[in-house]
Amino acid sequence: MKNLKILKEQFSKLQLQSEDEVISFAAFDVERNRLFLASSSNFIYTLSLPSSNNAGAWDSISDNLIDLEPGDFITSMDYLMEKEALIIGTSYGLLLLYTADDNTTEIVGRLEGGVKCISPSPDGDLLGVITGFGQILVMTPDWDVLYEMSLDDLPEDIDVHEHTYSSNYSSESPISWRGDGKYIATLSRVNNSQTLHKKLKIWERDSGALHSVSESNPLMGSTLDWMPSGAKIAAVYDRKEDRKCPSIVFFERNGLERSSFCLNVEIDATVELVKWNCNSDLLAAVVRGEKYDSLKIWFLSNNHWYLKQEIRYMKDDRVRFMWDPIKPLQLVTWTTSGHITTYNFVWNTAVMNNSVALVIDDSKMLITPLSLSLIPPPMYLFCLNFPSAIQSMAFFSKSSMNHLAASLSDGRLCVVELPAIDCWEELEGKEFDVEAASFDSGYNSFIHLAWLDSHKLLGVSHNLISNSAIKESSKDELSMYCLQDIELMCSEDRNPNSVTCSGWQAKGLNRLSLEGTVIGIAPDQGNGYSAYVQFDGGKVFEYALKLADARGLHQKREDMSFSSSCPWMDLVQIGGCLPQKALLFGLDDSGRLLVGERTLCNNCSSFSFYSNSADHTVTHLILATKQDLLFIVDISDILKGELEVKYGNFLAVFKHRKGEDERNYIQIWERGARIVGVLHGDESAIILQTVRGNLECVYPRKLVLASIINALIQGRYKDALLMVRRQRIDFNVIIDHCGWQNFVQSAAEFVKQVNNLSYITEFVCSIKNENIMETLYKNYISLPHDNEAKAVEHGDLKSSHSNSKIHSVLLAIRKALEEHVTESHARELCILTTLARSDPPALEQALERIKIIRERELLGSDELRRELYPSAEEALKHLLWLSDSEAVFEAALGLYDLNLAAIVALNSQKDPKEFLPYLQELENMPIVLMRYNIDLKLQRFEVALQHIVSAGDSYFEDSMILMKKNPQLFPSGLQLITDFVKRNQVLEAWGDHFSSIKCFEDAAATYLCCSCLDKALKAYRECGNWGGVLTVAGLIKLGKEEVLQLAQELCDELQALGKPGDAAKIALEYCADVNAGINFLVSAREWEEALRTAFLHRRDDLVLEVMTASLECASSLVSEYEEGLEKVGKYLTRYLGVRQRRLLLAAKLQSDERSINELDDDTASETSSNFSGMSAYTLETRKGSAASINSRASTKARDMRRQRNRGKIRAGSPGEEMGLLEHLKGMSLTSGAKRELKSLLICLVMLQKEDIARKLQHVATNFQLSQMAAVKLADEAISNDTINEHVYVLDNYIPKIKEEMQHSELFSWQSKVLI
């Protein structure tokens, strides 16, 4: 569904040598973009066609005379690219090679009978020539004749070289090569035929043998052209004998007729110059009628030939044309009088912004509202018949108004008003004849048309009344465009429900002459009276109706101008949560999608826009790439500049390195398909058309979710639910789009709007306890903004019933059903569904409701009310279908209703042998014991404890067994059991439980509560709480000797546990052993306390012992710190060396992976597997590596070895670098070491050992500074990609650390007097 539109026209006029001179032939130079024209006076005119660099400008025209004998003239001409010269044939049989650059002519051959046709092969290796005697000669580039064959089938007695045959031979005998040059097609006369019948002959290139011949057909003139792709050969049938108009017929290579179509022209019309474009998708022909000549262009789609363009000429012009050999949408025409026109066409989608398809076919406009029905072309809903072929059109739709304007090939303007789209179904199959509007513009057909509003048109045309006016026009006038406002009025009474196609009057208002070539107009629908006009080159000017004057356009818009010409241009309005503004998008011929000077995509093939709001503000850009990928782009991403982050270069990305599928595009299933339109709003569909012409409608997940969320934000829950069901979207979108807490508040409105219990039941069954907006759909859409929806933060959805998504939502829906839906059979089943699907399932509540229904059935009362509910059996079966039958049976047991449990068991297909004995056994028990046994089976231990305690003292042992098996019941047991003795038994059992799980502190406290002091003392002793042990010993009232013995045992135990400080305290306080206490304090390195205690007891011997121990400790620490200082230097040197080698290896790997990344993942995996695990910089472990195929046993063994060797640093291992860094950090002084060091320094000073103390502090300070400096150096080196040997030196960092940390708490252990 597309229309062929004239993008621009460029004119030139040859100054011929005389009035009688006419242009006869033309040839094209592809390399230098030159056109050669040969005239009847044997002049060769050379001119360069306008290019993209000099748009609108024609280079100077040169003319040169070919010197021929008197009476000789040019009969054929073509351009040889290999020779860079023209090959010219004359009536006297000369073959001339003419070089335009130096104006030289060379005779390369002479043929008897004259030259009638010259045609080089597509590859340029051969030259086909038809002589005046009807002979076909195939020549090499060296002008040697390969073979010669006769064009016609002649009797044996006729000599082709006789003058009589030559004079009777017609020159209308073209040669057409197949695109690959392997076959030649010609038209041949039928011998002895009384009519003008001809045959199509196919010749083989290599041998010149006749490949195939068609039947005799009434073929017209010399119209023959082989499609460049080689599929079909086009010719023309002359059907005057049948009183029918001519038709174009297509033949296959075997000479058989394939198809044809009628031209819909006068019977007496003739067709000349049927030509395919280089892409083989457009067929053009010159049709000469009684009143005018016309150039017609057809396009095939879905096996229907559409007439897409008609350009009319005066009959005196005798127009001819040729397609550009390499540009499929550029065509050059010329007339015998020297008027040359270059037409640049462009394909525009026939689908308008409101999803209405307006397909041009000759004088018909085929209309299809795709929003109502996706009618495949060439079918349509209804049709508009115009007086002549349509050249350009514009459509306007706002609210319920729809207006169509069409500029016709005869220069007239037509206007049609269409009813609202909702009424179009009544127009199905109808055709309406459109009358031309009353309008005298004085100009040609409008090249560009645009609606400003429902009564204002803006048109662009040339400053020429007709093509014949060019004869008297200057060069400046040829390039002038005119921009004109047109006001429309209708003199007829309009019916809003019918088509108004007559009575329109047009009046020209402002008329502006423009300098430059206009290639597009984009009306600003939001402004109403302005439009943006694009000139060739991409410059954009704004046209405002109120500000326009005779001087031209009032404002150049640099912010909207493009960097290159954009044949496809569209202005869109954005708003909503985004700033209100207009954006002008453009797509150039190379596939660059632009917004002003900014490039969005470099490989775009087509684009469109989607709007999900009633005011048509655009929310998404839809674009298809040349790689057949379909992308859905948020407009907000364009404004925020996040395209590169989210979409890359709009290329295929299959999987993220972490293995997550992050494709943000849709793979178009058929190559070459294009976007033709979009269905807006809730439809959220994209219409694609394949190369064959089929229409396909896709519903991208991203657009569908956007439309659903838009409906939810607007409170249209029913529409959202219908879209979810239709597009198979997860129902949880309705809940999670702005938080389930918000949905809970709107549950009643949801139920009232949907009003369909089947839909609600389906919705209830689909609820999941997760936020799918953060999981399933996180790559498709983001959460709405605060001004659109009040999103609330919520915690863990699975934490409790009150915070559970499923429980809360279903509770809200259940309340809404009970309050807003009348009682009915379906409502009760829906409520049961909400109970069964709750988290956890509320099966007991559901069974309670079924139990009530069953009791009503048993009572047989209130028949009317019973009809509103399902039967108990049906309700139970519904519950069993939704839930696990065993869970329902256990829930029935939990109600202590054995009859209900039996009914559930029977309906769940349980074997009676399994459940009947168990139920009978329960029935024979006392009620309390029955409930106790049921609770045990259902593992409701707390309720079971309540029941067994209430059964009496005789069952106390059972309750104790229950509590011992389930220790969490002890607190409940203490509350239920009031007897003092039994409570102590419970406490003692609880304490035993704590002891068994090694919670000795809790066990001791529990034993104390029940006065089990021996067990409490043992528990304290087990946990090392010597204070508790000695306190309980006091409670037990142990003797002095027993306490002393206990204290000595505790000292030994604490010493063994590495707690000499506590042992010293017991020795001094309970054992009165000063010697042992001092020894324990020295072992604990509590030097100050040891010295104080020795002086307290006036023991000089102990003072000397403390001095000796402190001096030995100081000497040992000095050695350790000096050794540590040396290790810091070694580790740092090793670290820098490893870092340097790793950087070199990483650089090499990155250079190797650049080539690997160009391959697909499967190819690259084996290549890169050799490097995986070698370095800390290889972040990815690729699949397919032979080294990764290990058994689970070997993997576990390797992991265990790594655990054992975690503290070791193995040279050359992947973790060596980080291991060295961690080891350097681990050498820092701990808080305990600093405390002991400070205590030792003070002790040495007290003992008058100041020199030793100063030396120790100096060595420790140097070690600490070096270690901190080394860590800082390593941290800075790891963040850089290069290692500078002169910068990363430890001596450079130590002064920095010393200056930064001199007043830090890290050096608080120092004594200032020793610095």
Side-chain angles (χ1 to χ4, degrees), residues 1085 1114 1116-1147 1175-1179 1202-1241 1254-1312 1314-1315:
R1085 295 196 175 185
S1116 175
L1117 286 178
V1118 168
S1119 300
E1120 288 181 9
Y1121 289 141
E1122 288 176 347
E1123 183 181 354
L1125 189 62
E1126 183 178 353
K1127 288 182 178 180
V1128 167
K1130 290 181 179 180
Y1131 287 141
L1132 182 61
T1133 303
R1134 174 64 179 166
Y1135 171 82
L1136 293 175
V1138 172
R1139 177 67 181 164
Q1140 182 71 28
R1141 287 194 296 274
R1142 287 295 168 85
L1143 290 176
L1144 295 175
L1145 179 60
S1175 169
Y1177 304 100
T1178 53
L1179 301 177
R1202 287 176 180 173
Q1203 290 291 337
R1204 288 195 303 266
N1205 298 329
R1206 188 172 294 267
K1208 300 180 181 179
I1209 303 175
R1210 189 175 61 183
S1213 65
E1216 181 184 7
E1217 182 180 348
M1218 297 308 299
L1220 288 168
L1221 179 59
E1222 292 300 323
H1223 200 78
L1224 281 173
K1225 291 180 179 180
M1227 293 177 70
S1228 63
L1229 292 179
T1230 63
S1231 58
K1234 293 175 186 177
R1235 184 178 62 255
E1236 293 173 3
L1237 186 58
K1238 184 176 182 179
S1239 177
L1240 179 58
L1241 291 173
R1254 181 174 285 103
K1255 181 179 179 182
L1256 175 61
Q1257 179 171 306
H1258 177 70
V1259 173
T1261 301
N1262 288 342
F1263 169 75
Q1264 188 175 7
L1265 288 172
S1266 298
Q1267 185 271 335
M1268 295 173 67
V1271 171
K1272 184 174 182 180
L1273 187 153
D1275 287 337
E1276 292 184 1
I1278 202 170
S1279 60
N1280 292 327
D1281 295 335
T1282 58
I1283 300 295
N1284 190 331
E1285 297 179 356
H1286 300 288
V1287 175
Y1288 294 108
V1289 179
L1290 188 62
D1291 292 340
N1292 295 340
Y1293 280 80
I1294 291 177
K1296 297 179 183 178
I1297 295 295
K1298 188 174 182 180
E1299 183 178 356
E1300 294 174 1
M1301 301 295 179
Q1302 60 181 347
H1303 300 297
S1304 172
E1305 289 292 329
L1306 297 174
F1307 290 88
S1308 60
W1309 56 271
Q1310 291 180 336
S1311 177
K1312 293 183 179 181
L1314 300 176
I1315 295 177

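Numbering starts at 1 and runs along the sequence shown. Excluded from the calculations below are hydrogen atoms, water molecules and symmetry mates; all remaining heavy atoms, backbone and side chain alike, are included. Owing to the predicted nature of the structure, the values given are computational and were not obtained by experimental measurement.
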For [X], what residues pass the side-chain contact (heavy atoms from CB on, under 4.5 Å) criterion, not counting sequence neighbours?
X	value
Arg1141	Arg1134, Val1138
Ala1114	Leu1240, Leu1244, Ile1252, Leu1256
Glu1120	Ser1116, Leu1117

For Lys1255, look at atom NZ and say whether over 12 heavy atoms of other residues, nucleotides or ligands are found less than 6.0 Å away.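 Atom NZ in Lys1255 is not crowded, with 12 or fewer foreign heavy atoms closer than 6.0 Å.
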
Can I get a per-line list of side-chain donor-acceptor pairs under 3.5 Å for residues 1259-1269, giving both atom names and the distance, sequence neighbours left out?
| residue | atom | partner | partner atom | Å |
| --- | --- | --- | --- | --- |
| Thr1261 | OG1 | Gln1257 | O | 2.7 |
| Thr1261 | OG1 | Gln1310 | NE2 | 2.6 |
| Asn1262 | ND2 | His1258 | O | 3.4 |
| Asn1262 | ND2 | His1258 | NE2 | 3.0 |
| Gln1264 | OE1 | Trp1309 | NE1 | 3.0 |
| Gln1264 | NE2 | Leu1306 | O | 3.0 |
| Ser1266 | OG | Asn1262 | O | 2.8 |
| Gln1267 | NE2 | Leu1224 | O | 2.8 |

Partner set under salt bridge (Lys or Arg N to Asp or Glu O under 4.0 Å) for Lys1225, not counting sequence neighbours: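 Scan of Lys1225 (salt bridge (Lys or Arg N to Asp or Glu O under 4.0 Å), adjacent residues dropped) gives Asp1275.
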
Listed by chain and number, what are the salt bridge (Lys or Arg N to Asp or Glu O under 4.0 Å) partners of Lys1272, not counting sequence neighbours?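 Here the qualifying residues are Glu1300.
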
Over all heavy atoms of both residues, which pair between Leu1132 and Ala1270 is shortest? Give the atoms and the distance, please.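 What the structure gives for the nearest pair is CD1-O, 4.0 Å.
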
Checking Glu1276 now: which residues fulfil side chain to side chain donor-acceptor pair (under 3.5 Å) with it, not counting sequence neighbours?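 Checked Glu1276 against side chain to side chain donor-acceptor pair (under 3.5 Å); matches are Tyr1293.
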
Separation between CD of Gln1140 and OH of Tyr1135, rounded to the nearest 0.5 Å: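 If we round to the nearest 0.5 Å, Gln1140:CD and Tyr1135:OH are 11.5 Å apart.
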
Does the Tyr1131 side chain pair with the main chain of His1223, one donor and one acceptor, at a distance under 3.5 Å?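 Between the backbone of His1223 and the side chain of Tyr1131 there is no qualifying donor-acceptor contact (under 3.5 Å).
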
